[in-house]
Amino acid sequence: MAKKSATKAGFWNFVDSFKGDKVIWMIVLMLIMLSIIAVSSSTSLLAVQQHVTRSAIIKEQLIVSLVSLILIIGIYNIRNIKVFRALAKWGFAGSVFLLACLDLHVNLPFFKALYINSAWRIIKVFGFQLHVFEVVKIAMILYLAWAVEAYKTHNFKIANWLSTKKNFAWIGKDIWQKIIYIYAPILIVCVLIVGGSLSSALIIGATLAVVIIVGGIPVRELIPFILVGVIGLAGVIGINKLSNGKYFSHLGTAVARVFFSPEQELEEAIGTPDFQKVLDKVRQPISAKIAVSEGPKGIGKSTQKYVVPIMFEDYMFAFILEEYGLLGAIVVLLLYGSLLARGSFIVRGTPEIFAKTTVAGLTILISWQAMMHMMINVGLGPLTGQTLPMISHGKSSMIVFSIAFGIILAISRMAKESIDKATEDAAPIVSARPDDDVKAGLDELDAMDI
């Protein structure tokens, strides 16, 4: 009996040793478990396409999940915020490099850009497919968290040094520092993304705008740059029209998705020679709606996974609804909703601007992408190819979001340790031993004749 108690105590001591936010730890573990179950059941067509067995895909997903968990724990154990701050400085440069490689369609033996699903979004590095847009989201959030903090603390070292020179005094002004370090990087990244995907450029641009607003940049200051973005979008549309679709060829696809009605297109094509072509085009969104309406069927009993080629990626929420019904949907909603709530809790307990903005940005990104994925799956938004974070199939996406969760947990740990230390260092409100003056006062009260 004593041995059993000792074992139990040892186990709970191990659990208690994880000092980050325990709710987020539970969210991460549940998302990974959901991913293993959902991917294992939804990848029948993938197994056929890759000429492998389902067991091989399940094994691969288990390995990816284990690597992701190890990565999260490794990042969580980083105890110094300066490490994240130092890496964040290079987020913009790294994003520009990767996006430029996509736009230039780099084709080297070990490093090549890939055109997949009507867009340039993947770079193949030594056989590993890296989803560039997912990497850019995380890298730019970290960069902007650093830039906002550096602006508020007047810590742009290069700009401050240049401002002491005769011809560069203007760089020392607040507005120019914000333009150079905050607004221009967002616009540059969005312009580079437009070459591969207009919808991704709009989504990422909006996400980064929210991040700097959360960091303390006034909304009114963004209006001129939003206008610049609108003018730029109009220019892209104009170039596309004048070149008869030669340049920015994916623009027509993006516009069509906004006004896309699969049921209407299919109905109009009935009895025409193009019926089969239109049917192939609308098969995925219509099948996703069928999956949503027919659930719950039970684990492993989905039928639409044999119809939708990418059910395990872009339509994962529809698959969950088909197999698990409303209960599965509620669990997924609660997980992402709880992440947003705990993220806001960590932000309130984090004094540093960089840490606060990073956690806010990453939690908003994950929750926002999950919400877009779910809305698209139930027919409430245009198709954008957004995966369900930490659940949808995809090694690159899983690893990128694992990095995001690792950073959130590491900062939550630092925040907790900072709060605990401040509590310990604070002087007690009530003294444990009354001093002589208080004791004398008490003696006088005892001597009073009431």
Side-chain angles (χ1 to χ4, degrees), residues 84-85 87-106 113 119-123 130-151 156 158-159 176-215 217 221-237 239 247-248 250-251 254 354 357-358 360-362 364-366 368-369 372 384-387 396-397 400-401 403-404 407:
F84 297 115
R85 190 180 284 112
L87 293 173
K89 294 179 184 180
W90 298 97
F92 172 56
S95 298
V96 169
F97 171 75
L98 291 174
L99 291 171
C101 289
L102 279 183
D103 291 341
L104 295 172
H105 307 163
V106 171
W120 293 91
R121 30 175 119 228
I122 305 291
I123 288 181
L130 182 67
H131 198 304
V132 173
F133 296 163
E134 301 287 10
V135 175
V136 167
K137 292 173 189 176
I138 306 297
M140 283 301 296
I141 286 173
L142 288 170
Y143 168 78
L144 290 173
W146 167 80
V148 168
E149 181 185 59
Y151 164 72
F156 291 124
I158 295 176
W176 281 109
Q177 292 194 352
K178 279 189 283 190
I179 290 173
I180 294 170
Y181 286 95
I182 299 175
Y183 301 139
I186 294 176
L187 290 175
I188 290 169
V189 164
C190 289
V191 168
L192 291 173
I193 293 172
V194 165
S197 172
L198 177 62
S199 60
S200 294
L202 294 174
I203 292 168
I204 292 174
T207 303
L208 297 181
V210 171
V211 170
I212 63 174
I213 290 171
V214 170
I217 301 298
E221 291 188 9
L222 297 182
I223 294 175
F225 297 94
I226 293 173
L227 293 176
V228 170
V230 171
I231 294 170
L233 179 60
V236 168
I237 295 172
I239 293 170
Y247 297 103
F248 301 107
H250 61 280
L251 180 63
F354 171 77
T357 309
T358 297
L362 293 177
I364 288 171
L365 168 66
I366 297 168
W368 169 235
Q369 181 162 323
M372 281 194 296
T384 59
Q386 299 295 315
T387 58
S396 176
S397 176
V400 168
F401 282 112
I403 292 171
I407 293 170

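- The nearest pair of heavy atoms linking S200 to F133 is OG-CD1, 3.6 Å.
- With contacts defined as side-chain heavy-atom distances shorter than 4.5 Å, the pair T387/E134 qualifies.
- Here CG of L142 is found 8.0 Å from CG of L87. Values are rounded to the nearest 0.5 Å.
- Here CD of E149 is found 8.5 Å from OG1 of T358. Values are rounded to the nearest 0.5 Å.
- The CD1 atom of I123 lies 4.5 Å from the CG atom of L102; values are rounded to the nearest 0.5 Å.
- At a threshold of 4.5 Å between non-hydrogen side-chain atoms, the residues I204 and M140 do not count as touching.
- Here the closest non-hydrogen pair linking A201 and V194 is CB-CG2, 3.6 Å.
- Atoms CG and CG, on L99 and L104 in that order, are 11.0 Å from each other to the nearest 0.5 Å.
- Once rounded to the nearest 0.5 Å, the distance linking CZ of F92 with CD1 of I188 reads 4.0 Å.
- Residues L208 and I141 are in side-chain contact: their nearest non-hydrogen atoms beyond the backbone lie under 4.5 Å apart.
- Using a 4.5 Å cut-off on side-chain heavy atoms (C-beta onward), I158 and Y181 make contact.
- Counting only distance, with no hydrogens or angles, the side chain of S396 and the backbone of H131 share a donor-acceptor pair below 3.5 Å.
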Q. After noting the C-alpha distance and the side-chain angles of I212 and L222, does the key distance pass the side chain to side chain contact (heavy atoms under 4.5 Å, CB included) rule?
A. CA-CA 10 Å; I212 63 174; L222 297 182; 3.4 Å; yes
Q.
Before you tell me yes or no, could you show the steps for T207 and K137 under side chain to side chain contact (heavy atoms under 4.5 Å, CB included), namely the whole-Å CA-CA distance, both residues' side-chain angles and the distance that decides it to 0.1 Å?
A. CA-CA 8 Å; T207 303; K137 292 173 189 176; over 6 Å; no
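- The two residues I179 and P185 have their closest heavy-atom pair at O-CD, 4.0 Å.
- With a 4.5 Å cut-off on side-chain heavy atoms, I364 and V211 do not count as touching.
- Closest approach of F354 and A88 over heavy atoms only: CE1-CB, 3.7 Å.
- I217 places a side-chain heavy atom less than 4.5 Å from the side chain of K178.
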Q | Candidate pair T357 and W146, rule side chain to side chain contact (heavy atoms under 4.5 Å, CB included), full reasoning | A | CA-CA 8 Å; T357 309; W146 167 80; over 6 Å; no
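- Scanning all heavy atoms of the two residues, the minimum distance from A139 to S95 falls at CB-OG, 3.6 Å.
- Side-chain contact check for I186 versus L144: some heavy-atom pair is nearer than 4.5 Å.
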